[in-house]
There are 2 protein chains.
Amino acid sequence: MNDVAAAAGVALKTVSRVVNAEPGVHPATADRVRAAIDRLGYRRNDSARTLRRGRTASIGLVIEDAADPFYSGLSRAVEDVALRHGFLMFTGSSSEDPARERELVLAFCARRVDGLVIVPAGADHQYLSPELDAGVSAVFADRPSGSGRDLDTVLCDNAGGARTGVAHLIAHGHRRVGFIADAPSIFTATQRWYGYRQALTRAGLPYDPALVAMGPPEPARVLADVTRLLRLAEPPTALFTGNSRTTVATLRALRALTDPAELAAPVALVGFDDFELADLLGITVVSQHPAELGRAAADLLFSRLSGNKEPAQRRELPTHLIVRGSGEGTFRLF
Amino acid sequence: MNDVAAAAGVALKTVSRVVNAEPGVHPATADRVRAAIDRLGYRRNDSARTLRRGRTASIGLVIEDAADPFYSGLSRAVEDVALRHGFLMFTGSSSEDPARERELVLAFCARRVDGLVIVPAGADHQYLSPELDAGVSAVFADRPSGSGRDLDTVLCDNAGGARTGVAHLIAHGHRRVGFIADAPSIFTATQRWYGYRQALTRAGLPYDPALVAMGPPEPARVLADVTRLLRLAEPPTALFTGNSRTTVATLRALRALTDPAELAAPVALVGFDDFELADLLGITVVSQHPAELGRAAADLLFSRLSGNKEPAQRRELPTHLIVRGSGEGTFRLF
DNA sequence: TTGAAAGCGCTAACAG
DNA sequence: CTGTTAGCGCTTTCAA
């Protein structure tokens with residue numbers, strides 16, 4: 001900036017004014033400055049700007065996995081809101097590891113991001129307290145903060161969505177519905193499990209723990225659980241799966257377990273979360289919209305960044321049942 | 001840092017030494033400093049550190065769309081490499097818009113990122129020159145830089161992959177193979193088109209422009225093109241699709257165009273890019289590995305950041321044919 | 001082993 | 001409309 005000022009024959013501050021489009025610079029002067037800027041290839045150093053102004057115009061996003069379609073949809077939505085506000089976004093994947101989540105968040109804070117959107121991997125967010133005191137804003141998305149203070153949170157209607165999906169199966173005559181989902185340590189899985197039980201209760205059906213299988217959505221584990229369920233003395237006639245990864249793993253398991261001579265899968269199926277090609281496969285799902293989740297969280301964050309001091313909010317986004325066949329009759333897997 | 005120094009009864013510089021784990025501080029002094037740090041909730045301001053040191057330990061990644069599975073896989077791989085090096089990563093989606101790519105890249109440079117991984121939307125990268133002169137490193141991934149200087153680039157074997165896929169269809173008896181792909185303005189689409197023609201030539205088959213349809217992978221446009229191809233006087237007996245979005249759009253088009261009473265699709269199909277559930281749908285694909293692309297690009301970038309001054313490199317990653325049924329006979333769409 | 005001083009590049013506050 | 005000065009929080013350099 002000094003060099004530009006010298007080249008244009010003005011003071012440093014005038015260059016600053018031109019660079020920041022501040023009013024009150026004579027057009028001719030401004031032109032001279034701009035010419036010098038171009039000639040010298042000058043670009044403002046935002047690190048210095050940041051240091052001086054105290055605001056970085058950047059936010060940090062911590063998700064579970066940037067490669068997971070659900071979170072990448074959310075990520076894109078947050079990015080779009082950030083860019084619309086002229087903010088840049090750091091991204092980090094926690095891989096469902098609370099320590100990594102913490103490291104990422106603290107690294108973002110050391111970079112003095114103005115705000116954070118966090119899909120929490122851990123339940124304990126004490127570590128955030130000093131940062132919040134220092135002025136960062138944080139919004140939780142997809143899952144609530146486990147402890148610490150009351151913070152803005154955007155969730156979907158996990159229990160209601162699961163209840164609707166299971167009720168749909170029951171309405172189609174199923175009286176034994178299996179539940180395959182993520183580990184109970186994960187908030188959304190527990191909520192959906194609760195919705196599953198609610199649906200049973202409301203229909204006057206008994207809750208049978210043998211029909212429930214919760215754990216990581218890894219193919220091997222899901223295959224083992226689906227196998228166990230189908231070999232029960234009284235096997236389920238339908239399955240409700242707790243998220244898209246589990247649904248996909250269940251589809252693979254069903255294919256592995258089904259005699260190719262049969263055209264139909266041995267059970268009906270409804271899954272939580274929509275996924276690409278679910279339409280072509282004819283899978284009925286309870287859909288939530290990752291982009292809407294991200295947008296809502298980012299909007300909330302930016303309202304905080306522009307001074308909104310209301311008490312912490314907890315928004316719950318609706319889910320939608322999308323009927324495609326797999327939950328209404330049997331469906332083909334081959 | 002000043003406050004911590006005062007609280008610990010030492011000079012600012014001693015706090016700096018402790019914070020950065022520099023040697024030459026008496027353990028007792030260091031303990032006193034650490035106690036003060038904890039008491040005051042002090043966290044180093046990385047913006048100031050950055051300003052002074054000239055390095056930010058951050059990189060910028062510009063992709064086409066964070067929500068696209070291909071680019072989100074690439075993104076996650078770059079992120080992992082960055083984190084392993086102790087770097088943080090800004091992400092931005094260009095939406096295939098050269099202006100937005102440029103804005104993102106320049107915004108990252110203003111933040112003084114040390115390096116960039118760019119999936120170029122535009123062909124002109126003149127705007128990068130001043131930044132490169134100023135010392136940023138840049139690596140291009142998935143597509144080459146259109147112009148300007150010679151820069152590190154990581155691609156996959158687009159032409160070879162397409163040639164293999166088309167040759168596979170020809171080997172299965174198809175003599176009229178349709179080609180549906182992205183617009184010719186997109187590097188990968190042009191390369192794959194070239195591979196398609198190569199395969200025809202090598203098999204002694206004529207090139208028929210009527211069998212080629214290139215354009216944005218939007219459902220409506222793909223449906224129109226598939227319709228046109230299938231209604232040709234001499235329709236293709238097989239289709240080769242140029243990327244996963246196009247493949248999926250083609251599948252939807254085929255379903256829309258096929259009488260549900262028929263069990264089989266009217267054509268055979270091989271697609272460029274693997275995608276989730278392609279296995280369950282039985283789609284034969286030419287697979288490239290987005291994570292490997294990202295990893296290779298990031299590795300190259302970090303080798304530059306640690307001083308590698310060799311001439312620019314162009315790496316080409318192999319592709320793999322994955323046979324699943326749709327390219328070998330007819331396949332079921334329902 | 002510890003500290004003092006200078007300055008990274010910028011903007012806020014205040015003069016002229 | 002333009003300029004001067006101070007200082008953001010840190011690291012580098014040099015000295016004790």
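Chain A is the first sequence line, chain B the second, and so forth, proteins listed ahead of strands; every chain is numbered from 1.
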Could you tell me whether the phosphate oxygens of C/dT2, OP1 or OP2, come under 4.0 Å of any side-chain nitrogen or oxygen in B/Thr29?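 Yes.
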Is B/Thr14 near enough to C/dT2 that one of its side-chain N or O atoms lies under 4.0 angstrom from OP1 or OP2?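 Result: no.
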Under 3.5 Å, which protein N or O atoms sit close to an N or O of nucleotides 7-10 of chain D? Give each pair with its distance.
residue	atom	partner	partner atom	Å
D/dG7	N2	A/Arg52	NH1	3.1
D/dG7	N3	A/Arg52	NH1	3.3
D/dG9	N2	B/Ala48	O	3.4
D/dC10	OP1	B/Tyr42	OH	2.5
D/dC10	OP1	B/Asn45	N	2.8
D/dC10	OP2	B/Met1	N	3.2
D/dC10	OP2	B/Tyr42	OH	3.4

Integer-rounded Å distance: C/dT11 P and A/Lys13 NZ: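 Atom NZ in A/Lys13 sits about 7 Å away from atom P in C/dT11.
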Nearest-Å distance for atom pair CG/C1', residues A/Asp3 and C/dC10: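 Atom-to-atom, A/Asp3 to C/dC10, this comes out as 14 Å.
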For the helix from C/dT1-D/dA16 to C/dG16-D/dC1, what angle separates the axis at the start from the axis at the finish, each from five pairs, in steps of 10°?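 Here the local axes at opposite ends form an angle of 30°.
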Hey, can you tell me if B/Phe302 and B/His85 have their rings parallel, tilted or perpendicular (30° and 60° cut-offs)?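 Parallel.
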Heavy-atom pair of closest approach, residues [X] and [Y]:
{"X": "B/Asp182", "Y": "B/Pro216", "answer": "OD1-CA, 4.0 Å"}
{"X": "B/Ser58", "Y": "B/Phe90", "answer": "OG-CE1, 4.4 Å"}
{"X": "B/Arg304", "Y": "B/Ala312", "answer": "NH2-CA, 3.7 Å"}

When the nearest nucleotide of DNA chain C is assigned to A/Val19 and to B/Arg17 on a heavy-atom basis, which residue is associated with the more 5' position?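 Counting from the 5' end, the first nearest nucleotide belongs to B/Arg17.
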Determine, step by step, whether B/Arg76 and A/Glu64 satisfy the salt bridge (charged side-chain N to carboxylate O under 4.0 Å, His left out) criterion, reporting the C-alpha distance in whole Å, the side-chain angles of both residues, the deciding distance to 0.1 Å, and the verdict. CA-CA 11 Å; B/Arg76 175 65 201 255; A/Glu64 200 247 301; over 6 Å; no
Could you check A/Arg102, A/Glu131, A/Arg149, A/Glu101 and say which one makes a side chain to side chain contact (heavy atoms under 4.5 Å, CB included) with A/His125?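 Filter result, single survivor: A/Glu101.
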Pairs touching residues 24-33 of chain A that satisfy side chain to side chain donor-acceptor pair (under 3.5 Å), sequence neighbours left out: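 Sorted pair list: A/Asp31-A/Arg34.
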Charged N to carboxylate O under 4.0 angstrom, A/Asp46 versus A/Arg52?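 Salt bridge absent between A/Asp46 and A/Arg52.
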